[in-house]
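The structure under discussion appears below in the form of structure tokens.
A quick note: this is a predicted structure, and the numbers were derived from the prediction, not measured.
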Amino acid sequence: MNIMKRHFAALLLVVVALLAAGGLTSCDDYDDWGWYDGPSGDYFYDSDLDGAWELVQADGIPVGPGSTNYLDFYGDGHGMYYYYDNGTPVSERMGYFCQYSNNGTSRYQVNVRYEYGQPTTMNYWFAGGSLWMQWRTGGGRVVTYVYRPVSYVPW
């Protein structure tokens, strides 16, 4: 009986240790996001962006399921970017911050830094329940994307 109590006590300690270790880790642990530092100057996090958004239109052309991408804004400047690369679903972390814009296109701009890509500044606004984003490419072409809110990203 004494051996049984010792085995039970040892098993209980292992279970408690495993539960404690699981509580200390997280898939969205922001501490390891050292690649993203917020800007200097005035900025904010727009809670209207929070949630998952699916690209449904690019420059006025509908986007199909295999060509879409998703932005998932967690709040506080962190999120995920999901897209297809030759038909394979890919995801990467993104950091972001918002600022007021005075360029005449919209009242706000969002500055996004992708984990594996280049930082991008986009004007954004909301219309008809959709998120509109617009930016100018290095070549000067204006690009406009329309996203709709979704309850989850499908991968």
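A heavy-atom distance below 4.5 Å is found between the side chains of Tyr108 and Phe44.
Scored by the side chain to side chain donor-acceptor pair (under 3.5 Å) test, Thr120 finds no partners at all (sequence neighbours excluded). Residues that satisfy the side chain to side chain donor-acceptor pair (under 3.5 Å) test with Arg136, not counting sequence neighbours, are absent from this structure. The side chain to side chain donor-acceptor pair (under 3.5 Å) test applied to Ser101 returns Asn103, Asn123, not counting sequence neighbours. Residues passing the side-chain contact (heavy atoms from CB on, under 4.5 Å) test with Pro154, sequence neighbours excluded: Tyr70, Tyr152. In this view, Arg107 satisfies the salt bridge (charged side-chain N to carboxylate O under 4.0 Å, His left out) rule with no residue, not counting sequence neighbours. With sequence neighbours left out, Val143 forms a side-chain contact (heavy atoms from CB on, under 4.5 Å) with Asp59, Trp135, Thr137, Arg141, Tyr145. By the side chain to side chain donor-acceptor pair (under 3.5 Å) test, Asp46 pairs with Tyr124, sequence neighbours left out.
Cluster membership for Val142 and Val110, using ILVMFWY side-chain heavy atoms within less than 4.5 angstrom, is not shared.
Every pair passing side chain to side chain donor-acceptor pair (under 3.5 Å) that includes a residue from residues 79-91 is listed here, sequence neighbours excluded: Tyr83-Glu92. Residue pairs meeting the salt bridge (charged side-chain N to carboxylate O under 4.0 Å, His left out) criterion with at least one member in residues 145-155, sequence neighbours excluded, are Glu54-Arg148.
Each of His78, Met80, Met94 was scored for a side-chain contact (heavy atoms from CB on, under 4.5 Å) with Phe73, with one residue passing: Met94.
The OH atom of Tyr45 lies 9.0 Å from the SG atom of Cys98; values are rounded to the nearest 0.5 Å. The distance from atom CG of Leu55 to atom CE of Met133, rounded to the nearest 0.5 Å, is 10.5 Å. Taking OG1 from Thr68 and CH2 from Trp53, the interatomic distance works out to 13.5 Å, rounded to the nearest 0.5 Å. Residue Gln134 holds its CD atom at 12.5 Å from CD of Gln109, rounded to the nearest 0.5 Å. One distance of note links CG of Asp50 with CG of Asp72; it measures 9.5 Å at 0.5 Å rounding.
Within the hydrophobic cluster formed by Ile, Leu, Val, Met, Phe, Trp and Tyr side chains joined at under 4.5 Å, directly or through other members, Trp132 is accompanied by Val56, Trp125, Val146.
In plain terms, the two heavy atoms of Val153 and Ala52 that are nearest each other are CG2-CB, 4.0 Å.
In this structure a side-chain-to-backbone donor-acceptor pair under 3.5 Å is missing from Tyr116 to Arg93.
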